[in-house]
Amino acid sequence: MKILMIDDLSEITSPFEFVFKSKGHEFTATHTVNDGLKMIKENKYDFIILDIDFGEDKPDAAWLLDKLSEINILEKQKIAILTNSTNQKEINICLTKGAIKAWLKEENIFMIYKEIEKMVNN
Amino acid sequence: MKKISINYCFLITTLFNEWFIFFLLKKEFNDPMIPRIGGITGSHIEDSIISIYRVIDKDGIIQQCNDEYVKHFAQSEKEIIGKTIFQNLHSSQQDIEHTSFENWKNSGRITRRVLNLKTKNEEYHKFFVTGRNIRDEGNNKIIARQDVLREFAQIEITREKLRNFQYQNLYKNSPDMYRTVNSTGVIVDCNKAYYEKLGYEYDEVIGDHFLDHTATDSQEIMTDNMVNWRKNGTIKTEEIRMLKKDGSTFPAMLTPSTIYDDDGKLFGRNIIIKDINELNELKQELTSRDELDAIKEELLFMVTHELRSPLSPLTHWCQILQNPEMVGELSKVQKHAVEMMGKNLKRLSLHINELFDAMRLDQQINFPTQKFDVKKMMDEFYKNWVGEINDKKIKFVNSTSEEIILESSENKIEQVLTSLLINAIDFTNPRNGLIEIGAREIDDNILFFVKDNGIGIPEDMKKKIFEKFVKFDDDTYRELGGTGLGLFVANGIIKNLNGRIWVDSKLGTETIFQFTLPKKFKGQKMENVNL
């Protein structure tokens, strides 16, 4: 699998990087939404793990989903939200804009891995 | 002769209305924008008003009066101007009026009084008399006084009609303020609630104009209201500020109704006045509370987000270290250390969730719900805990056997089960301890339970066990940790999921926490969300 994870904190992405790479998958982490957008435009990923909030006044998940929709590549992507936020409104917005799944970051990492594997293979 | 300046432009358009003129005069003398007299100069008072006016100087000499005054007391203005105010006064009131006059000269205070004055017909009539000071615009000293006289008989006629009016008892004893005004706006009656609230005695109120009890910033709206009522009979509820005797004001809701006599002739208005201060305060409080709730919610999201952020890499690395496929076999000590970290991270995560939920459970929360397999969830839950519980030499059993599909919040149910299980672990004796979990279908509900053979819960604690911050006083319980929020939150979550939670316990024998949830949740559904 070719995975892209967009999260502003490297300490969040590093255990995922370890798990995916250990299982033989290609994994890239990026820490800003703008970089994420650029990478999605240039590459085809099997799955994208996306944080919601990237700090005040910075492009967030909803912004990225809108941008991908504008350039007609959202449909080709499988994007899931991974967040610490329990703000349901924020999550709902992302699901409405095209994210296919939402997890809390405290979920078991292997459970998330298994679900991603399943979604990519479907 | 010294005369007073009056704003005529306005008067010309509204001369038909006695009350309106009165208002104007009142406004004139109170309005700091209108040049004040420097000595008594200017025009004389408008002729066509019904109320009776005169202006007297500090010697008690009448310097000016209106036509109504002339009509009542003399054949012509000449007979009045330059005469003393005591001239027409009944002999029995001379002393009182002299005292009142001297008092005004010395202090500027004008006493409201009923005077027996001789009219031009040589008959004595009673008049309510009030007044307003006229000041020198240069040094602001009182230089004269404008007296307003209202015929007692006119007021009495209205009052007599009112005496025959139904529901007098209701009027008099109502806790709401009632006042009745005649067609010119003079108060002819009021109830106890009214005069007490405004700080007056009953007799002080009768004969006052209603504007005397209206705060300055509400006088315009009341003026318009009165004009409209007189012009076309329209009445409407108004929110204004009332003026009390001590000068303070309060917000009030005025609901007027027109009163007609037996001939169908309009003769006044009844006004119900409600003090809406408390209502306004309540409104303000609710607004502040809404704002506070929004801030609280925002702060809560921020704090829990910040607390969870460091927790997630710790938890994930811990899970990785516990997986031999990832990092190989750990030594005994390493394995123990990682297990301890994992266990405590689980508790920390639970406490953060409890804290977060406890702060928002005072309102309805729509937890995202999905359809899920209960047996699968219970098996997974059992697998996550069996190691830790067995390490404590406690037997752990999952007796869920049925395949059940439930539509609810899987994560929140797990949170409740975790909370109940941690309680069971804490209160179960390691020697021959037994904890059993399970779920089964009962009619349209799913029953979950967590049962232990621990120390049990005292009878008096059972009733308050689901309250916030409840902890046991007994030393046996005190040494155990926890936020004191676990069961409170569990109760809140189950209620929000339209379920019910309860506890049965026998001291020293067993405790069983049970909760039921409807198979099909009727609230907000959200697939693909694990929150």
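Letters A, B, ... are given to chains in the order of the sequence lines, protein chains preceding strands, and every chain is numbered from 1. As the structure is a computational prediction, the values presented were derived from the model and not from experiment. For the numbers below, each heavy atom of this structure counts, side chains included, while hydrogens, waters and symmetry mates do not.
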Practice problem: Counting only heavy atoms closer than 4.5 Å, note whether Glu380(B) contacts chain A via side chain, backbone, both or neither. | Solution: neither

Practice problem: Evaluate whether atom NZ of Lys118(A) has more than 12 neighbouring non-hydrogen atoms of other residues, nucleotides or ligands under 6.0 angstrom away. | Solution: no

Self-check item: Proximity breakdown for Ser309(B) and chain A, heavy-atom pairs closer than 4.5 Å
Solution: both

Quiz item: Any idea which heavy atoms bring Met326(B) and Phe110(A) closest together, and the distance?
Solution: CG-CZ, 3.6 Å

Self-check item: Side chain, backbone, both or neither of Asn384(B) within contact of chain A (heavy atoms, under 4.5 Å)
Solution: neither

Self-check item: Rounded distance [0.5 Å steps], CD1 in Ile320(B) versus OG in Ser14(A)
Solution: 7.5 Å

Quiz item: Between atom CD1 of Ile109(A) and atom CD of Gln319(B), what is the distance when rounded to the nearest 0.5 Å?
Solution: 7.0 Å

Quiz item: Is it true that a side-chain atom of Glu106(A) and a backbone atom of Ser312(B) form a donor plus acceptor pair closer than 3.5 Å?
Solution: no

Quiz item: Do you know which two heavy atoms are closest between Pro15(A) and Pro313(B), and how far apart they sit?
Solution: CG-CA, 4.5 Å

Quiz item: Pick from Val19(A), Ile112(A), Asp53(A), Ile81(A): which one has the most heavy-atom pairs with chain B under 4.5 Å?
Solution: Val19(A)

Quiz prompt | Euclidean distance, His316(B) NE2 relative to Glu11(A) CD, rounded to 0.5 Å | solution = 13.0 Å

Quiz item: Hey, is CD on Glu42(A) packed in by over 12 heavy atoms from elsewhere, all under 6.0 Å?
Solution: yes

Self-check item: Greatest number of heavy atom pairs closer than 4.5 Å to chain B - which of Leu9(A), Asn108(A), Ile12(A)
Solution: Asn108(A)

Exercise. Taking atom NZ of Lys23(A) as the centre, report whether more than 12 heavy atoms of other residues, nucleotides or ligands fall under 6.0 Å from it.
Key: yes

Quiz item: How many angstroms lie between CG in Leu104(A) and CG in Asn411(B), if you round to the nearest 0.5 Å?
Solution: 6.5 Å

